[in-house]
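A short worksheet on the structure shown next.
Only this structure's heavy atoms are used, side chains among them; waters, hydrogens and symmetry mates stay out. Indexing begins at 1, ligand by ligand and atom by atom, following the structure's order. Note that this is a predicted model, so its numbers are computed, not measured.
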Amino acid sequence: MKTTTRVAVIGGGVVGASVLYHLTKLGWSDVLLLERSELTSGSTWHAAGGFHTLNGDTNMAALQGYTIRLYRELEEITGLSCGLHHVGGITLADNRDRFDMLVAERAKHRFMGLDTEIIGPDEIARISPITNLDGIIGALYDPLDGHLDPSGTTHAYARAARMAGATIETHCKVIETTPRADGTWDVVTDKGTIHAEHVVNAGGLWAREVAAMAGIYLPLLPMAHQYIVTDDIPEIYDSGSEHPHVMDPAGESYLRQEGRGLCIGFYEQPCRPWAVDGTPWTFGHELLPDDFDKIEASIAFAYRRFPVLERAGVKSVIHGPFTFAPDGNPLVGPVPGLRNYWSACAVMAGFSQGGGVGLTLAQWMIEGEPERDVFAMDVARFGHWTTPGYTVPKVIENYQKRFSVSYPNEELPAARGMRRTPMHDLFDGMGAVWGAQYGLEVVNYFARGDEPRFETPSFRRSNAFAATAREVAAVRGAVGINELQNFGKYAVTGPGARDWLDRVMAGRVPRPGRVALTPMLSERGRLIGDFTISCLDEETFQLTASYGAQAFHMRWFRDHLEGDVQIDNISDRRTGFQIAGPRAREVLAACTSYPVETLGFLDVAPMTLGMASCIVQRVSYTGDLGYEIYCDPMVQRHLWDVLWAAGQPLGMAPFGMRAMMSLRLDKGFGSWMREYSPDYTPAETGMDRFIAWSKPAPFIGRAAAEADRTAGPARRLASFVVDAEDADVNAYEPIWLDGRVQGFCTSGGYAHHSGQSVAIGFLPTDRIREGLEAEIEILGRMCPARLITRPLFDPDGTRMRG
Ligand SMILES: Cc1cc2nc3c(=O)[nH]c(=O)nc-3n(C[C@H](O)[C@H](O)[C@H](O)COP(=O)(O)OP(=O)(O)OC[C@H]3O[C@@H](n4cnc5c(N)ncnc54)[C@H](O)[C@@H]3O)c2cc1C
């Protein structure tokens, strides 16, 4: 057996095999896969082998498309069959919301180059005559859907990797992984120890146990899942062509032809997690006992939807476990806090996603970063706060919602209330309607009087509309107050702090007492952060950015730490409030003896408010006169009392995230992971205006950003006012010009102060001009849209800067 290798991939399921193949494809051949039994010995061997492109996240959908197209390539390289059946598939809609969701998906597919189609009942009857159409409105047809042979496909990946130089060691169980001081690993197996530069955890059902060997917890859980294969059915084998896949979300089932009969699987509500406390090492090529009780209601529904099933006998039942992360997407990438340790785990749809996961991980390892934004599956999207107590209810919820409609404004109920700020009970008493961000309870808006304490999930304007309008009016008309907890915050200190920031951030590092906005770039010049830097003194800086990107950003900071500098994630140790609106200055002045009129736009200063020691900076995402006031959580309630007492006579009202996101639309301000993400560059998004081109520091991403600026980006962000009805832009709606899709939206919503539906999106640079008439497709309706080049509110910035 090899004793040294560049990469040791632990696990020979479809995912490990795909990672191994992609490492060789991108040029690393000194790679070794370790499998404790035979290949496919986890979830892989008993999968139903279905594949599809549909995924709520656009980049995940693109990677699924990549995976499906890869199978032919594997067959050609290896001469092995993946057992492909490209039969196409339909997803049924039996109510308006479900149909809206499919129409919105179809709209996204237009600019993704996916050839899906919305079809009506007649066409459904033609494609799938066994479907009872009672109550069916329509369906999404995807010609790429199909199924394959799970074992043949895994072996095809493995052979392709071997042909390119990879080694596979079966019957070789990893029992320990120990880091060395230089960042390499000793991988101890029952056949000896291997010294590896990198370790990839592709342990599938045993990923938790493999992670524990490296001292980490990965938030994933196996769920028991069951599908049934029927005896021969004449309507199937006599139909003349292979029956397509039918996803019936109302019945939580997926169905396809298997031989001369059908195969149908369920995502049942009375679902069961499996091996909650750990996967036994003794588990192997066996199945779980049949469990018809839990799928009784699902079967009854399926009999109504597909009446032929009632007459068909059961040939076999497959009941086995596979793993999920709390949000159902894989856990991929460099594990925060460890060097050269990579995750390729929680891949719940290995045959739709395995290729994309392998490609992404190989790009990350070999080229330094994936080619597209993969935050939706980045292992760093979960923080240190995830525990089994969180993971278990979230995974159950995710399984149960696998076929549910996902609404853009939906707040999921499982595993809530774990992380709360000192303001929680007070805000709750004021009518807060809560959302969750990175495990933290955040106020979306405040309900008043007999308004419901629940926002109805919807693709259209929700019941939060009136409350959001009220909060926006309070900010623009007087002064609003909003908690600052949900910012990621970092203290950067030490004699080398300024030099380090100059290298890591593309923008200007401010002098003491000043604040600056700056993009952070990857080597390829992609946006990986939009930060506010506050210089408290020459060796003390505070950075703020997205709360949900904490582990993502800390991983980057640690990987690029150099010089005499310390970086500390203080997100939960520094909190506070922002106050914004024309009377914000008066409120602040009433709370402190500091001469607040001297605090100019983008100034920062220490102040005492009441008895609380605070850092106050003049900046506001609302685009209004505003201040961010930071303090220690221990004095947050006192700070609230002081600000609230001063604000009440001036018309102060609390506001939540819904109002904040509406206020920013008045100004056309972009937001993280919507307008600003690793998919985009500074020149494309306008973030290049914050780059300090003249600074001497060779900041990360400089060469790429300069090249992008010189060449000029082919597309740019633009804002639109939209003639919308009852639904505003959310994200990824196509933008039509001259009868063709020429761009897509990144975000939008209703700008309550301006009284306009606003969209932000990309268009070819040469088309961007004031007043350009376009159409934006919202839920299947072509909405006239007009491009605007000046903000709707305070276009000259007099209110914000004055
Ligand atoms: C009933 C059922 C139906 C399914 N249907 C579909 C479907 O239609 N389409 C689809 O895309 N997906 C389907 N899936 C899901 C699919 O099976 C998984 O997404 C996929 O198998 C995950 O592959 P993996 O490589 O991550 O994990 P696994 O298949 O679990 O592989 C992990 C491997 O790692 C090895 N290993 C673990 N620890 C060690 C160690 N310490 N040392 C050495 N080796 C180790 C194991 O032996 C195992 O072979 C289904 C799953 C089930 C249960």
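- Around CG of Asp182, the count of heavy atoms belonging to other residues, nucleotides or ligands within 6.0 Å exceeds 12.
- Annotation: atom 41 (N) of ligand 1 to nearest protein heavy atom, Val174 O, 3.0 Å.
- The residue among Ala47, Gly13, Pro150 with a heavy atom at the shortest distance from atom 16 (C) of ligand 1 is Ala47.
- Tyr71 contributes a side-chain N or O that, together with a main-chain N or O of Phe351, makes up a donor-acceptor pair within less than 3.5 Å.
- Looking at atom 29 (O) of ligand 1, its nearest protein heavy atom turns out to be Thr44 OG1, 2.5 Å.
- Contacts of Val210 with ligand 1, taken as heavy-atom pairs under 4.0 Å, involve the side chain alone.
- Scanning the protein heavy atoms around atom 18 (C) of ligand 1, the nearest turns out to be Val347 O, 3.6 Å.
- Neither the backbone nor the side chain of Trp274 has any atom closer than 4.0 Å to an atom of ligand 1 (non-hydrogen atoms only).
- Put simply, part of Trp281 is less than 4.0 Å from ligand 1, judged by heavy atoms.
- Remark: minimum distance from atom 2 (C) of ligand 1 to any protein heavy atom is reached at His225 CD2, 3.6 Å.
- Within the 4.0 Å heavy-atom criterion, both parts of Val15, backbone and side chain, lie near ligand 1.
- Closest heavy-atom approach to atom 7 (C) of ligand 1 within the set Ala17, Ser18, Gly50: this belongs to Gly50.
- Closest protein heavy atom to atom 43 (C) of ligand 1: Arg36 N, 3.1 Å.
- At the shortest separation from atom 11 (O) of ligand 1 among protein heavy atoms lies Phe351 N, 2.8 Å.
- Tyr254 and His225 have parallel rings, their planes meeting at less than 30° on a 0 to 90° scale where 60° marks the start of perpendicular.
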Full working for side-chain hydrogen bond (donor to acceptor under 3.5 Å, both in side chains) between Thr177 and Tyr341: CA-CA 10 Å; Thr177 53; Tyr341 190 94; 5.1 Å; no
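- With a heavy-atom cut-off of 4.0 Å, Pro321 touches ligand 1 through its backbone alone.
- Scanning Ala48, Gly42, Ala344 for the heavy atom closest to atom 6 (C) of ligand 1 points to Ala48.
- Contacts between Ser43 and ligand 1 below 4.0 angstrom, taking non-hydrogen atoms only, involve backbone and side chain alike.
- Listed for the Thr153 side chain is no donor-acceptor partner under 3.5 Å among the backbone atoms of Pro150.
- Nearest protein heavy-atom neighbour of atom 49 (O) of ligand 1: Glu35 OE1, 2.7 Å.
- Taking a 4.0 Å cut-off on heavy atoms, Tyr227 registers as neighbouring ligand 1.
- Separating the CE atom in Met1 from the CG atom in Leu32 is a distance of 7.5 Å, to the nearest 0.5 Å.
- Only backbone heavy atoms of Met348 (N, CA, C or O) come within less than 4.0 Å of ligand 1; its side chain stays farther off.
- When heavy-atom distances to ligand 1 are checked against a 4.0 Å cut-off, Trp206 comes that close only through its side chain, counted from C-beta outward.
- For atom 27 (O) of ligand 1, the nearest non-hydrogen atom from the set Ser41, Ala8, Gly204 comes from Gly204.
- Ranking protein heavy atoms by distance to atom 51 (C) of ligand 1, first place goes to Phe322 CG, 3.5 Å.
- The closest donor-acceptor contact from the side chain of Arg402 to the backbone of Tyr267 lies at 3.5 Å or more, if one exists at all.
- For Ile10, every heavy-atom contact with ligand 1 shorter than 4.0 Å involves the side chain, none the backbone.
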